[in-house]
S.K.: 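Take a look at the following structure, please.
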Amino acid sequence: MESLFGDTYEPQDEKSRLFADVILPVPIPKMFTYKIPRNLAEEVGIGYRVMVQFGQKKVLTGIIGKVHQKPPKEYEAKTILDVLDTYAMVNPLQIKFWAWMAEYYCCHIGEVMNAALPAGLKLSSESKVQLNPTYDADTSPYPLDEREEVILQALATKAELTYEDCQELVGVKTIHGILKSLVIKEAIIIFEQVKDKYTPKVENRIRLCHPYASDKQALERLFQEIAAKPKQEEVLLKYLQEIPVYQNPALNSKGVEKKVIADAGLSMSSLKTLIKNGVMEEYKLIISRFEDKEGSGEEIKLSEEQQRALNEIKQGFQDHQVNLLHGITGSGKTEIYIKLIEEALASGSQVLLLLPEIALTTQMVGRLQEVFGSRMGVYHSKYSDNERVEVWNGVISGKFAFVVGVRSSIFLPFDSLGLVIVDEEHESSYKQYDPAPRFHARDAAIMLSWLHQAKTLLGSATPSFESFFNARTKKYGYIQLNQRYGDAKLPEYILSDILVDKKKNLLKLDFTRVMREKIQEALNKQEQVLIFQNRRGYAPYISCEDCGWIPECEHCDVSLTYHQFSEEMRCHYCGFKENVPKVCPACGSGKLAAVGLGTERIEESLALLFPEARVARMDLDSTRSKYGYQRLLEDFGAGNVDILVGTQMITKGLDFDRVTVVGILDADRILYFPDFRAGERAFQQITQVAGRAGRRERKGTVVIQTRKPDHFVFDAVMKGDYKNFYVNDMTERQKFFYPPFVKLIKISSRHKDYKTAEKAARHLHNLLSDIQVRKIMLGPEKGLIGKIKNQYIFETLVKLDKSGNAQAVFKHELQKILEEIYSNKEYRSVRVVVDVDPY
DNA sequence: AGCACGCCGACT
DNA sequence: GTCGGCGTGCTC
């Protein structure tokens, strides 16, 4: 690309001049106004990617958020350097959505843009150096020093160099000064090169050259000519077999994949000769990364119960934008979704179905693909950048009217959504914690849907209490779906008291007697078992039996998790790794023991307890690879695994008939979590895990190991009494001011220095206290984890009155306070993080 | 976030 | 004496 500096010619009729407010990926909470050059005025609009100069030398790519005619008053706007698109990558509705998100979640619109655009669409510009063509060393009046010579010599052989190249060449840290001097001496030119990260997938194909395809005589003559070259003849015959141009010459233009020849075991060098002699030609075709498949178009049959629910949902859409479908596990929500999606698509609208990450690679997606074929786009985190760009473009082109995706798929360029479904609506993984925007995909999806004037359906077997609250207060429509599909039975629950077994010496490798018996029974009947423990690694930590020493992370305030498999200790917060010491570094004792239970350790125990069983483990560590998860699932589905132990992951979308026993090894860990949502989460998790037991005709058994068998959560779960549990929990929340009765905003201050972090948090807290709205404030307190990645953390929790404009006022004042903090020399290095709806 | 400008320590 | 460290101020 040519140098992008230098101004464009500008006519003086300022009135008709167009300006663009551009969203840039910088942490400054506003858009930046640029002039649109005359010659580009016709070619740009909202949503186009443009290149602009920002600051002294940086060239950035941004997205046009607004086009207008108001010249800025306080400064002279710079001019857009270039327009990168021939159509809008982002539509106006999306810009509105981004702006809402930035405001609601107290972040910058540039941060939203960053999260929204797939990496393949985020262009990066890199500064490069090239020789100034007018430069002549002999006539130049400026002498060069040694280091400058080095660079010029390098440029004699290489057309361009990056800054890094120059740095390496000269061997200094700050190359800036040297390059600047070279620019002044007119020896080099610095320019910005933008690289489009997206590369289309290309297929190499071959076909016959001009006369041969359509002229049979020419073709026959050709065969006579090469009769003596059997290898070339073979290639030609193979081609004609694939593409019968004799019957239909028009077929030739489509050609055939080059690798067909190689796959047939024919000579590639003969093909090369054919190409060289002008018999065949090679060409490239841009193809989609996604297979083209017809949907089955099958007629979905609904049970009576499902049909009733479907009718109620449609009725609900009449009066409510948002509807909650409360359907127990296995009640057949997928079929209802399919019906609704089909109808929405038939009416010409787009549909978005959100699923939590881990549910995406499972049966539901496969099922949907069967029905919808390649009309359906899939968008998830294991897709490559290129694949994501293709989904993005597919939504714009209309190829994908329906997308199933994770959290980030709410950012796809939909322009006419008619239906948004959020499945497993209660899932906490819909919340993005870090980095900003710290949004909740369910809540954002509702807003998105509202912007499109579309309908929203939230689905869950265990709705979040917020959503259920909204349903009970008639803000949302509410539809219940009770019957288990195909008459499956509810599981039987067994509470197994760990302490009792321990006393009687019945606890073996952390498994109670009942648990072992039930597993054995299932194994005897060739049935499958799931064991749930929401903790990966071998053990939460190791500890010295003599002095009690526990290894801790150097950078965070947590103990290191012991991973036996990789023989190391790892920090789950910052990724820090350390080898396991042979002896205790504190007292020299050799008695280091693993304490607590992780999935790895359970896997090992199971192998000892049930030596004949085939055991597998499913957690973040065993499913890292792109298809790791799928492989495990297929293995399990095919019956190659008898016992599967895993974390959260096994609670999602695992619908296997042969699972009859589900074990929860340490339910207490779920019960006692230090936040107001502990009860809700415990109910949800236990119910979801239990839901994996017993499908169809087999009755399942759920064994729960606990030290508190009389805890009220168990009672509620066993009775399936969601509503009563909800009501009880709500009284608590109302009494102690927690959502949904208030709005929570968590503000944390992070700094490498403990005192500074604390002082800044205090100061911030005081400023916030002065905001005149109805609110309650907690803190500032040391974070639950006091230090992460060498940053000390202090938190203030604000509970805002939900009625009136308390929220708006508070956020507005907060913005001002943050600006003040940021301009205060004492606190400017403190990182303040605002998290709206933090849990 | 970058990046420039500006003011103080360890080196030729 | 300078080179170059990073404090602080600004970016349409």
Side-chain angles (χ1 to χ4, degrees), chain A residues 4-5 7-8 10 14 17-37 40 44 46 48-83 102 107-115 117 119 122-129 145-148 162-164 166-167 170-181 183-184 190 192 194 434-437 750-753 756 760 791 818-834:
Chain A
L4 296 159
F5 298 99
D7 218 340
T8 333
E10 291 173 41
E14 280 293 333
R17 183 165 258 318
L18 285 178
F19 294 88
D21 289 350
V22 179
I23 303 166
L24 294 174
V26 287
I28 304 162
K30 57 179 167 188
M31 298 198 227
F32 294 84
T33 307
Y34 286 85
K35 288 181 209 167
I36 300 175
L40 294 177
V44 295
I46 290 178
Y48 281 70
R49 292 178 302 165
V50 292
M51 286 182 63
V52 293
Q53 198 183 357
F54 187 71
Q56 281 308 291
K57 76 169 282 280
K58 202 66 200 162
V59 173
L60 296 177
T61 56
I63 287 201
I64 297 184
K66 197 178 167 188
V67 174
H68 57 87
Q69 282 157 294
K70 279 198 297 282
K73 289 191 186 73
E74 287 111 54
Y75 54 88
E76 175 75 14
K78 286 183 181 164
T79 306
I80 286 173
L81 300 171
D82 207 355
V83 179
C107 64
H108 316 301
I109 197 159
E111 290 174 316
V112 181
M113 176 180 99
N114 249 335
L117 287 180
K122 277 181 253 176
L123 301 135
S124 61
S125 80
E126 189 177 28
S127 298
K128 292 217 173 166
V129 174
D145 73 18
E146 223 176 280
R147 293 182 295 190
E148 291 170 354
T162 65
Y163 272 37
E164 287 74 44
C166 298
Q167 263 168 33
V170 185
V172 276
K173 258 222 153 151
T174 50
I175 196 75
H176 256 53
I178 300 166
L179 293 179
K180 207 169 150 187
S181 147
V183 171
I184 291 166
I190 295 178
E192 294 291 316
V194 180
D434 217 36
R750 310 180 183 187
H751 196 266
K752 62 181 190 308
D753 179 59
T756 313
Q791 300 264 312
L818 289 183
E819 270 167 46
E820 203 236 271
I821 293 266
Y822 193 66
S823 60
N824 183 326
K825 60 184 174 340
E826 201 180 346
Y827 303 126
R828 63 182 312 124
S829 58
V830 176
R831 234 168 65 79
V832 180
V833 171
V834 181

S.K.: What's the CD-P distance between A:Q53 and C:dC12, to the nearest Å?
M.R.: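 The distance from CD of A:Q53 to P of C:dC12 comes to 7 Å, rounded to the nearest Å.
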S.K.: Nearest-Å distance, CG (A:L24) to C1' (B:dG2)?
M.R.: 13 Å
S.K.: So which protein N/O to nucleotides 6-8 of chain C N/O distances come out below 3.5 Å?
M.R.:
none

S.K.: Given atom OH of A:Y822 and atom P of C:dC10, what is their separation to the nearest angstrom?
M.R.: 12 Å
S.K.: Assign A:I28 to base, sugar-phosphate, or nothing according to its heavy-atom contacts below 4.0 angstrom with the strands shown.
M.R.: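 A:I28: base contact, heavy atoms under 4.0 Å.
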S.K.: Quick one: does A:K122's side chain have a donor or acceptor within less than 3.5 Å of a partner on A:N114's backbone?
M.R.: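 Between the backbone of A:N114 and the side chain of A:K122 there is a qualifying donor-acceptor contact (under 3.5 Å).
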S.K.: Could you tell me whether A:K66 atom NZ has more than 12 heavy atoms of other residues or ligands within 6.0 Å of it?
M.R.: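 No, the 6.0 Å shell around NZ holds no more than 12 heavy atoms from other groups.
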S.K.: If I take atom CE in residue A:M113 and atom P in nucleotide B:dA1, what distance separates them, rounded to the nearest angstrom?
M.R.: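 Roughly 15 Å, once rounded to whole Å.
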S.K.: Out of A:I46, A:L117, A:V50, A:V22, which residue meets the side chain to side chain contact (heavy atoms under 4.5 Å, CB included) rule with A:I63?
M.R.: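 When side chain to side chain contact (heavy atoms under 4.5 Å, CB included) is applied between A:I63 and each of A:I46, A:L117, A:V50, A:V22, only A:L117 qualifies.
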S.K.: Touch check for A:P27, heavy atoms < 4.0 angstrom, all strands: base, sugar-phosphate only, or nothing?
M.R.: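 Result for A:P27 = base.
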S.K.: Verify ring pair (Phe, Tyr, Trp, His ring centres under 6.0 Å) between A:Y34 and A:F19, making sure each step is shown before the conclusion.
M.R.: CA-CA 6 Å; A:Y34 286 85; A:F19 294 88; over 10 Å; no
S.K.: Within the modelled atom types, does a donor on one side and an acceptor on the other bring the side chain of A:Y75 and the base of C:dC12 under 3.5 Å apart?
M.R.: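 Such a pair is found, so the answer is yes.
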S.K.: Nearest whole Å is fine: how far is B:dG2 P from A:L60 CG?
M.R.: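 Result: 9 Å.
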S.K.: What's the spacing between A:R828 CZ and A:I821 CD1 if we round to 0.5 Å?
M.R.: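 It is 12.0 Å, given to the nearest 0.5 Å.
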S.K.: Return the value, rounded to whole Å, for the distance between atom CZ of A:F54 and atom P of B:dG2.
M.R.: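 So the CZ-P distance, A:F54 to B:dG2, works out to 11 Å.
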S.K.: In whole Å, what is the span from the CZ atom of A:F32 to the C1' atom of B:dA1?
M.R.: 11 Å
S.K.: Identify, with sequence neighbours excluded, every residue that meets salt bridge (charged side-chain N to carboxylate O under 4.0 Å, His left out) alongside A:E819.
M.R.: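 None.
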S.K.: Can you list everything that forms a side chain to side chain contact (heavy atoms under 4.5 Å, CB included) with A:V44? Sequence neighbours excluded, please.
M.R.: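 So A:V44 forms a side chain to side chain contact (heavy atoms under 4.5 Å, CB included) with A:I36, A:I64, A:V83.
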S.K.: What is the distance from CD1 of A:I109 to P of B:dA1, rounded to the nearest Å?
M.R.: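 Distance check: A:I109 CD1 to B:dA1 P gives 18 Å.
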S.K.: Under 4.0 Å, heavy atoms only, any strand: does A:Y34 hit a base, just the sugar-phosphate, or nothing?
M.R.: sugar-phosphate
